[in-house]
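Counting from 1, the numbers follow the sequence of the chain as shown. Everything numeric in this text was worked out from a predicted model, so none of it was measured.
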Amino acid sequence: MVREWDPRTASSVEIASLLDTLNAVLATDLPQDPPWRESSLREYLSEVMPGERRISWVAQDEPAGDGTPGRILGQVQVLLLGGIGVLEVLVHPSMRRSGLGRTLVKLAARRIRDEGFGSIGVEVVGDTPAVAFYESLGFTRDYVETRSVLDLGAVGWPALAEMATGVGAGYHLEFCPGGPPDDLIEAYARAKAEVRDVDDGELRPSSYDPERLRDSLDTLHRRGMKPYIVLAIHEQSGEVAGLTEVVVPAQHPTRADQYDTIVVQDHRGYGIDRAIKARMLLELRSAEPELAEVQTWNAQANEAMLKVNAELGYRPDRDWCEYGVDVAELVHRLDAQH
């Protein structure tokens with residue numbers, strides 16, 4: 001049984017079943033990743049930024065005789081933002097090669113087309129069956145990053161503390177749990193708008209407008225994802241010269257996600273990038289005692305940040321790719337297969 005599904009109104013049994021399938025996929029495809037937890041999972045699946053929409057379908061067994069919902073064996077959700085539909089597909093390993101994945105993609109693609117969107121994007125993890133699956137549907141690779149993971153248990157903390165003090169004269173660092181103070185939001189937005197150390201591709205847009213930044217931070221909190229930010233402040237001007245962002249999700253609190261790291265062009269060459277990332281790790285050590293790892297994504301062309309990450313102890317893990325396809329072409333291809 002495949003049906004449209006709303007996580008906001010789904011039963012707790014269905015949320016738990018979806019979590020079981022998600023963790024089965026992780027155990028098969030990314031066995032080194034921590035399993036997810038049910039904490040704020042409903043909110044993670046349903047909360048979106050203003051102007052965005054999320055639509056979801058599930059494939060599940062028929063209900064039991066007592067009315068208990070059947071197991072969720074697959075899910076597809078699409079996030080409609082800007083001019084693109086961003087796809088996520090989850091199929092239990094026991095159901096792979098059954099045609100369920102194609103069925104779910106077809107449902108989502110038709111809805112994206114009917115909503116007037118022209119293209120679909122999806123993140124695909126390298127060295128997993130998803131690569132061949134999406135390529136067989138006509139998706140093409142648009143962008144590649146490398147994910148790297150830092151094991152906090154292997155960090156040399158005295159050396160890290162020294163790195164955190166290595167910022168040039170005329171700058172100081174500020175730690176901002178939960179987000180930057182409101183009096184720095186505009187300066188924070190200017191720093192993000194001027195330049196980014198990493199082009200994160202189309203599927204993970206960054207917010208450069210102050211109000212959009214406030215919305216973004218609010219959405220993170222509502223989804224159960226706590227942001228931490230370290231700012232480098234240029235003392236003479238009071239401007240934000242650099243920033244780094246890490247988010248600790250309630251759904252997998254032992255592994256945090258690195259978001260943007262930015263050093264404004266005029267302030268490069270003063271050791272800001274390494275200092276702010278080192279300070280972040282020192283702060284997280286006490287702020288999030290359950291945290292064991294931090295993961296980050298970088299384009300291979302971003303040699304400066306790759307060098308900083310290597311000095312901090314990050315180790316490359318695997319490729320993380322963005323794939324895209326024209327919606328009309330995908331729907332035509334899937335219709336022709338049946």
Side-chain angles (χ1 to χ4, degrees), residues 4-8 44-57 75-90 101-126 130-131 133-145 189-220 222-223 225 245 247 257 259-260 262 297-299 301-302 319-336:
E4 195 165 331
W5 184 76
D6 188 343
R8 295 171 297 181
Y44 178 86
L45 294 169
S46 57
E47 295 289 347
V48 295
M49 289 273 287
E52 299 177 357
R53 286 184 295 138
R54 195 185 303 272
I55 308 169
S56 181
W57 295 260
Q75 184 209 23
V76 59
Q77 61 176 339
V78 58
L79 179 64
L80 300 173
L81 73 163
I84 190 171
V86 181
L87 201 63
E88 289 187 45
V89 180
L90 193 68
R102 287 174 181 262
T103 297
L104 294 172
V105 170
K106 187 174 182 178
L107 271 173
R110 283 177 168 173
R111 175 64 67 86
I112 294 167
R113 178 198 60 189
D114 294 346
E115 293 276 352
F117 290 78
S119 61
I120 296 178
V122 63
E123 285 192 340
V124 180
V125 183
V131 175
F133 172 72
Y134 286 107
E135 290 182 351
S136 74
L137 296 180
F139 284 76
T140 57
R141 186 177 299 189
D142 298 326
Y143 183 77
V144 181
E145 297 177 304
R190 283 193 295 271
K192 288 175 74 76
E194 177 171 331
V195 65
R196 296 172 65 187
D197 273 336
V198 182
D199 176 7
D200 283 337
E202 188 174 8
L203 307 188
R204 285 189 296 223
S206 184
S207 299
Y208 308 134
D209 172 81
E211 286 308 312
R212 189 72 173 166
L213 276 171
R214 290 187 179 95
D215 289 338
S216 177
L217 290 164
D218 179 60
T219 302
L220 283 173
R222 287 187 285 110
R223 297 184 80 199
M225 305 166 74
E245 307 161 333
V247 172
D257 300 326
Y259 280 27
D260 282 346
I262 296 166
W297 293 263
N298 298 99
N302 190 8
D319 285 342
W320 219 264
C321 312
E322 290 184 8
Y323 277 74
V325 71
D326 178 83
V327 174
E329 291 180 5
L330 175 61
V331 172
H332 177 74
R333 183 177 293 109
L334 288 168
D335 285 344

Tell me, do [X] and [Y] make a side-chain contact under 4.5 Å, heavy atoms counted?
{"X": "K106", "Y": "R102", "value": "no"}
{"X": "M49", "Y": "L81", "value": "no"}
{"X": "V325", "Y": "L137", "value": "no"}
{"X": "K192", "Y": "E245", "value": "yes"}
{"X": "R214", "Y": "E211", "value": "yes"}
{"X": "M225", "Y": "Y259", "value": "yes"}

From the options W320, F133, Y134, select the one residue that forms a side chain to side chain contact (heavy atoms under 4.5 Å, CB included) with V124. Y134

Of V122, L334, V331, which is the lone residue that meets side chain to side chain contact (heavy atoms under 4.5 Å, CB included) with V105?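 The side chain to side chain contact (heavy atoms under 4.5 Å, CB included) with V105 is passed solely by L334 among V122, L334, V331.
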
Closest contact, heavy atoms only, [X] versus [Y]:
{"X": "A108", "Y": "L87", "value": "CB-CD1, 3.6 Å"}
{"X": "S46", "Y": "P7", "value": "CB-CG, 3.9 Å"}
{"X": "A189", "Y": "D209", "value": "CB-C, 4.2 Å"}
{"X": "S56", "Y": "Q75", "value": "OG-NE2, 3.0 Å"}
{"X": "L330", "Y": "A109", "value": "CD2-CB, 3.8 Å"}

Sequence-distant partners of I55, side-chain contact (heavy atoms from CB on, under 4.5 Å), two or more places apart: E4, R53, W57, V78, L80, R111, E115

Results of side-chain contact (heavy atoms from CB on, under 4.5 Å) for R222 - residues two or more places apart only: E47, D218, T219

d(R141 CZ, E322 CD) to nearest 0.5 Å is 11.5 Å

Strictly under 6.0 Å, is that where the ring centroids of Y323 and F139 end up?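 No, ring centres 6.0 Å or more apart.
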
Residues two or more places apart in sequence or in another chain: which of them pass salt bridge (Lys or Arg N to Asp or Glu O under 4.0 Å) with E88? none

